[in-house]
2 protein chains.
Amino acid sequence: MQKKNPVQCQFVVALDSIVGKWKPIILYHLLQGKPLRFNELRRLLPDITQRMLTLHLRELEQEEIVKRVIYPQIPPKVEYSITEYGMSLSPILETLHQWGVAHIERKQLKKTENEQTETD
Amino acid sequence: MQKKNPVQCQFVVALDSIVGKWKPIILYHLLQGKPLRFNELRRLLPDITQRMLTLHLRELEQEEIVKRVIYPQIPPKVEYSITEYGMSLSPILETLHQWGVAHIERKQLKKTENEQTETD
DNA sequence: TGCTATAGTATAAAAAAAGGTACTGTAATG
DNA sequence: CATTACAGTACCTTTTTTTATACTATAGCA
């Protein structure tokens, strides 16, 4: 990653934990509090492939943001949940979400403004 | 992007504005307040290519996070600065930064803990 | 016996992001 | 007269990320 700015610029570190096409929405669902099984998550994210879900969950698990519990049953049962540490991401995601909503609104406002001046 | 969750999960939107290998550090430098010329930024980010710097700045400009001012001189002078709107990202980046720093510390703590138990 | 659900893995291919190098025009500088 | 600084663009290659498809084992059910 970055060589310079050892302590000055560390958002990248946080971003690495959040970024990945599906990570935010995985976290969103897990932050609802209820542990979710692999296939439950799959149903909540209809367009994700099994592979991507596995990969992202593994990464989140490695960072101890997500906990993986295996129930030794057949057919297998594996539950994913947010760790207490992972909960510390909650305010960040909340802030990002709010900014995102405002950003979208702003864009739409600009768009309608432009459309108005065009039709004048 | 995501099809589901029209309003529920909007961090992705914010993330899109921040994400890109160099965007966070570009924003970090511009958030210091002083407008920076293209080559000043290049010197601050020694490993970035001209191409990537241009691309990322263009994206930030399109989202009105960064302002680009051309001074019609020869040799050319172009200054980049954070817009007032872009300033609204400041608290987000600050939070991300703080989480990042804590995350690194935590990782190092875990590492030394492991090394200790190994040598026990 | 064949089908379903479960939680994945393996392999290859496609798409997206990033990088590398060369090139542009003009003024000032040595 | 050659070189440097400036702010890029053009073109191509490499790397990374994501997608697509097929496959695994086992129990329960009809």
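Chain letters run A, B, ... following the sequence lines, proteins first and then strands; every chain starts at 1. Bear in mind the structure is a predicted one, so any value in this text is a computation, not a measurement.
Dashed line: the shortest gap from a side-chain N or O of Arg37(B) to OP1 or OP2 of dA7(D) is under 4.0 Å.
Rounding to the nearest 0.5 Å gives a distance of 11.0 Å between OG1 of Thr54(A) and CD of Glu61(A). Between Leu57(A) atom CG and Leu41(A) atom CG the span is 6.0 Å, to the nearest 0.5 Å. Note that NZ of Lys110(A) and CG of Asn114(A) are 8.0 Å apart. Values are rounded to the nearest 0.5 Å. Expressed to the nearest 0.5 Å, how far CZ of Arg37(A) lies from NZ of Lys77(A) amounts to 5.5 Å.
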What does nucleotides 9-20 of chain C look like as a protein-contact string, B for base, S for sugar-phosphate only, - for none, at under 4.0 angstrom between heavy atoms? B-BB-----SBB

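Taking atom CD1 on Ile18(A) and atom C1' on dT17(D), their separation rounds to 18 Å, with Å as the unit. Here dT19(D) presents its P atom at 12 Å from CG of Leu53(A), a figure rounded to the nearest Å. Spacing between atom CG of Leu57(A) and atom C1' of dT18(D) amounts to 16 Å, rounded to whole angstrom units. Atoms CD (Glu40(A)) and P (dG8(C)) sit 13 Å apart, rounded to a whole Å. Between the CD1 atom of Ile26(A) and the P atom of dT18(D) there is a distance of 10 Å, given to the nearest Å. Atom C1' of nucleotide dT4(C) and atom CZ of Arg42(A) are separated by 13 Å, given to the nearest angstrom.
Listed by chain and residue number, Lys67(B), Tyr85(B) satisfy the side chain to side chain contact (heavy atoms under 4.5 Å, CB included) test with Thr83(B) (two or more places apart in sequence, or in another chain).
Looking only at side-chain heavy atoms (C-beta outward), Val12(B) and Lys21(A) stay at 4.5 Å or farther from each other. For the pair Pro24(A)/Leu15(B), a side-chain contact is recorded, criterion being any heavy-atom separation below 4.5 Å from C-beta on.
Non-hydrogen atoms lying under 4.0 Å from DNA chain D are contributed by Ile74(A), all within residues 60-74 of chain A.
For Glu40(B) and His29(B), the side-chain atoms include no donor-acceptor pair closer than 3.5 Å.
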